[in-house]
Amino acid sequence: MAAMDVFLDRLDPDMCVVTAAADGERAGCLVGFSSQCSIRPVRYAVWISDVNRTFRVARSADVLAVHLLARGQRETAELFGGLSGDDADKFRRVRWREAYGGAPVLEDAEAWFVGRVVARMPGGDHVGFVLEPVEWGGRAKTADGPLLRLADARTIRPGHPVD
Ligand SMILES: Cc1cc2nc3c(=O)[nH]c(=O)nc-3n(C[C@H](O)[C@H](O)[C@H](O)COP(=O)(O)O)c2cc1C
């Protein structure tokens, strides 16, 4: 086991689904690398792999939508994390609508926001998108129980090859 795995294996972040629309295309993928990164102004960063189709759409999008899922929404996690938009139209299988700036918002998400992209930064094989919220919604407390976390999604095989 690599030394860093001892640290990384202890992490169990909430998972999110990040969606984007640009140039008539829609995309979205399951994301474990995300966190709030500023208090005033409130900003949130998501990290998207540069091999994912979602990255190819997100890099020309002005806004991205970020969604939290309930633990019971494993199917949605499998759809967005286990399939690539290169092979399947994920949006045919979920309820969604266009929100601010054309961002596709998943209607069954526990909580979501649309954020304006204020910075993009290289992180390695993932690119960070720093987002300033412009629209948001969802339930304050999950009706279905806890949110879906990495421990719930670990067995999903990423739909897009990692390299
Ligand atoms: C548990 C788990 C965590 C993931 N975390 C990320 C992530 O933080 N960033 C990312 O870009 N992809 C992440 N992925 C991979 C993408 O969700 C996956 O490859 C997806 O199928 C890409 O779809 P796309 O090609 O339509 O963009 C994760 C996948 C899983 C199963």
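We count ligands from 1, going down the list as the structure has it; atoms in each ligand are counted the same way. Just so you know, residue 1 is the first one in the sequence shown, and it goes up from there.
Protein heavy atom nearest atom 25 (O) of ligand 1, with residue, atom name and distance: S84 OG, 2.7 Å. Remark: minimum distance from atom 10 (C) of ligand 1 to any protein heavy atom is reached at N52 ND2, 3.5 Å. Ranking the protein heavy atoms by distance from atom 18 (C) of ligand 1 puts G81 O, 3.3 Å first. Nearest protein heavy-atom neighbour of atom 26 (O) of ligand 1: G85 N, 2.6 Å. At the top of the distance list for atom 6 (C) of ligand 1, counting protein heavy atoms only, stands L30 O, 3.3 Å. The protein heavy-atom contact nearest to atom 5 (N) of ligand 1 is G32 N, 3.1 Å. The protein atom (non-hydrogen) at minimum distance from atom 19 (O) of ligand 1 is H160 N, 3.1 Å. Among all non-hydrogen protein atoms, the one lying nearest atom 21 (O) of ligand 1 is L83 O, 2.7 Å.
Side-chain contact check for V130 versus M121: some heavy-atom pair is nearer than 4.5 Å. No side-chain heavy atom of H160 sits less than 4.5 Å from a side-chain heavy atom of S49. Looking at L64 and V114, their side chains never come closer than 4.5 Å, going by heavy atoms from C-beta outward.
With V31, I156, L79, D152 as candidates, the residue nearest to atom 31 (C) of ligand 1 on a non-hydrogen basis is I156.
At a 4.0 Å cut-off, at least one heavy atom of K90 sits close enough to ligand 1 to count as contact. Residue D86 places no heavy atom under 4.0 Å from ligand 1. Residue R157 places every heavy atom at 4.0 Å or more from ligand 1. In this structure, A153 is part of the shell of residues with a heavy atom less than 4.0 angstrom from ligand 1.
For a threshold of 3.5 Å applied to N or O pairs, the pair formed by R154 and ligand 1 contains no separation below that value.
With a 4.0 Å cut-off on non-hydrogen atoms, F55 does not touch ligand 1 at all.
Between F80 and F91, the two ring planes are perpendicular [angle over 60°; tilted spans 30° to 60°].
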